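Reviewing the structure listed below.
Just so it is clear, the model here is predicted, and its values are computed rather than measured. All values below were derived from every heavy atom in this structure, side-chain atoms included, with hydrogens, water molecules and symmetry-related copies excluded.
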Amino acid sequence: MDDIIGIQMIGTQRSGSNLLRVMLDAIDEIVAPHPPHILQRFLPLLPKYGDLSDKNNFHNLVEDVCELVCINPVPWEGVILNTENVLKECEHPTLFDVFHIIYKTVAIQTHATHWLCKSMKNSYYAKAMEDAGIHPFYLYLYRDGRDVALSFQKAIVGEKHIYALANVWKKDQEAALAVRSIVPAKRFISLSYEELIVDPEGTVRSLCQKLGVLYTNKVMDYYKSSESKHTAIAGKMWQNVIKPVLKNNSKKFLKEMSPNDICIFESVAGNVLKELGYELYTDSDKLCSFSEDEITLFMEENDRLKRKFKMEKVDPGDIEKRRPQMELLERIRNYNDK
């Protein structure tokens, strides 16, 4: 397994990450399954397992992680995960070893030389990954945060008030950009969603060169692949992966977002927007900070909007596809609570 190379995509969801994932999955040397978010979901749950140096405790963890993967809303085609086999390959009783072995196993079983993990929040765990001996390429995909906010307001996941969305986006970009300081420059690759949709072939060709893999024309037929079809079936918010690249899918916020919301977003995250090369549309004298009372009202409204969205706009079918994973995680949260 030592010759298997990792690629960790980082940034924020709703930034074209599934588009890029299925494009790269079309390359013979790369396997890029839909992410079950192993680290993000299980790191907070580790206290439920007790001392992982105890073989029974570690076995329980590995078994649960394998189950999470096996019941992923988008199936990992052609992959069979066996708890005992994963245990044998783990050198240390840690979640990071489990994560690493599972992705390496996927690469071996699909005859790939590279695995790609699209858990964007893993930027927050990059230092721990490096310390655990996981040294992937970090592929930072970013998109104008105002368009990201619009997309989240229509999605089953995420915050809904512009203040909350701006804060999450800002923190995610700062965490991703911070990875540059802890890894060699050749292992940190950044590209924008906007350049990807304007010149998808040229952008992916350049990316392949940096990753050391061969570009294939199958990349531009990504929307015909079984991976794209399974992804689209699993959730309405992923429907675009069965369409050709939407080349005009940028700056939508200029038409769909109110001037007040643009001002709020830019007041919170304007410095990061500018660092990434995006133009601000609010006069500098109108940018402001917010009082604690204002922030409290924003977050209360955010909670109200999330409840309303769940009641009125979430497709019951989408919820049903996620139910097995949610029930597994809830069962783990209830460990030792008797």
Side-chain angles (χ1 to χ4, degrees), residues 1-10 31-112 114-136 138 157 175 182 234 319-338:
M1 286 191 176
D2 291 342
D3 57 348
I4 303 294
I5 298 170
I7 306 166
Q8 176 61 64
M9 197 183 298
I10 55 176
V31 58
H34 185 273
H37 306 300
I38 293 170
L39 297 179
Q40 184 180 349
R41 284 172 163 165
F42 273 89
L43 282 171
L45 296 175
L46 287 183
K48 294 293 183 179
Y49 293 91
D51 183 358
L52 293 182
S53 63
D54 181 296
K55 290 184 178 180
N56 289 330
N57 292 343
F58 189 53
H59 183 281
N60 290 338
L61 173 65
V62 174
E63 188 172 55
D64 286 344
V65 174
C66 288
E67 182 177 352
L68 181 83
V69 175
C70 291
I71 58 178
N72 200 52
V74 184
W76 287 22
E77 279 193 290
V79 174
I80 299 174
L81 286 181
N82 179 279
T83 298
E84 301 305 322
N85 290 340
V86 174
L87 280 166
K88 288 177 185 176
E89 294 294 337
C90 288
E91 295 183 10
H92 307 284
T94 70
L95 178 62
F96 287 97
D97 261 33
V98 178
F99 163 81
H100 199 196
I101 293 303
I102 284 176
Y103 273 92
K104 282 185 172 182
T105 299
V106 173
I108 291 170
Q109 291 188 5
T110 57
H111 309 291
H114 295 61
W115 54 262
L116 183 146
C117 173
K118 196 201 75 71
S119 291
M120 309 286 275
K121 295 283 188 181
N122 281 3
S123 54
Y124 291 94
Y125 317 126
K127 177 64 166 57
M129 289 172 65
E130 293 288 318
D131 290 345
I134 307 172
H135 305 303
Y138 291 92
V157 297
I182 64 171
I319 294 291
E320 194 59 34
K321 293 181 182 76
R322 289 165 174 76
R323 188 181 303 282
Q325 284 189 331
M326 297 304 102
E327 289 179 347
L328 169 65
L329 296 171
E330 186 60 29
R331 189 181 78 223
I332 297 168
R333 292 187 192 100
N334 291 331
Y335 282 176
N336 305 320
D337 286 349
K338 297 180 181 179

Are any of the side-chain heavy atoms of [X] and [Y] separated by less than 4.5 Å?
X      : Y      : answer
Tyr103 : Ile38  : yes
Ser119 : Leu39  : no
Gln109 : Trp76  : no
His100 : Trp115 : yes
Tyr49  : Val62  : no
Val74  : Pro33  : no
Cys90  : Val86  : yes

Nearest 0.5 Å, please: how far is [atom2] in [Y] from [atom1] in [X]?
X     : Y      : atom1 : atom2 : value
His37 : Arg41  : NE2   : CZ    : 5.5 Å
Leu61 : Thr83  : CG    : OG1   : 10.0 Å
His59 : Asp64  : NE2   : CG    : 10.0 Å
Ile71 : Glu327 : CD1   : CD    : 8.5 Å

**Item:** Under 3.5 Å: donor-acceptor pair, side chain of Lys118, backbone of Pro35
**Value:** no
**Message:** Has Asn85 got a side-chain atom pairing as donor or acceptor with Leu81's backbone, closer than 3.5 angstrom?
**Reply:** no
Looking only at heavy atoms, what is the nearest atom pair of [X] and [Y], with distance?
X      : Y      : result
Phe58  : Thr94  : CE1-N, 3.5 Å
Ala132 : Asp97  : O-OD1, 4.3 Å
Asn82  : Glu84  : OD1-N, 2.9 Å
Leu95  : Phe42  : CD2-CB, 3.6 Å
Ile4   : Ala107 : CG2-CB, 3.8 Å
Gln8   : Cys117 : NE2-O, 3.2 Å

**Asked** Salt bridge check: are Glu320 and Arg323 linked by an N-O gap of less than 4.0 Å?
**Response** yes
**Message:** Before you tell me yes or no, could you show the steps for Gln325 and Asn72 under side-chain hydrogen bond (donor to acceptor under 3.5 Å, both in side chains), namely the whole-Å CA-CA distance, both residues' side-chain angles and the distance that decides it to 0.1 Å?
**Reply:** CA-CA 7 Å; Gln325 284 189 331; Asn72 200 52; 3.0 Å; yes
**Verdict with reasoning, Ile101 to Leu87, per side chain to side chain contact (heavy atoms under 4.5 Å, CB included)** = CA-CA 9 Å; Ile101 293 303; Leu87 280 166; over 6 Å; no
**Item:** Residues Tyr335, Asn60; criterion side-chain hydrogen bond (donor to acceptor under 3.5 Å, both in side chains); working and verdict
**Value:** CA-CA 11 Å; Tyr335 282 176; Asn60 290 338; over 6 Å; no
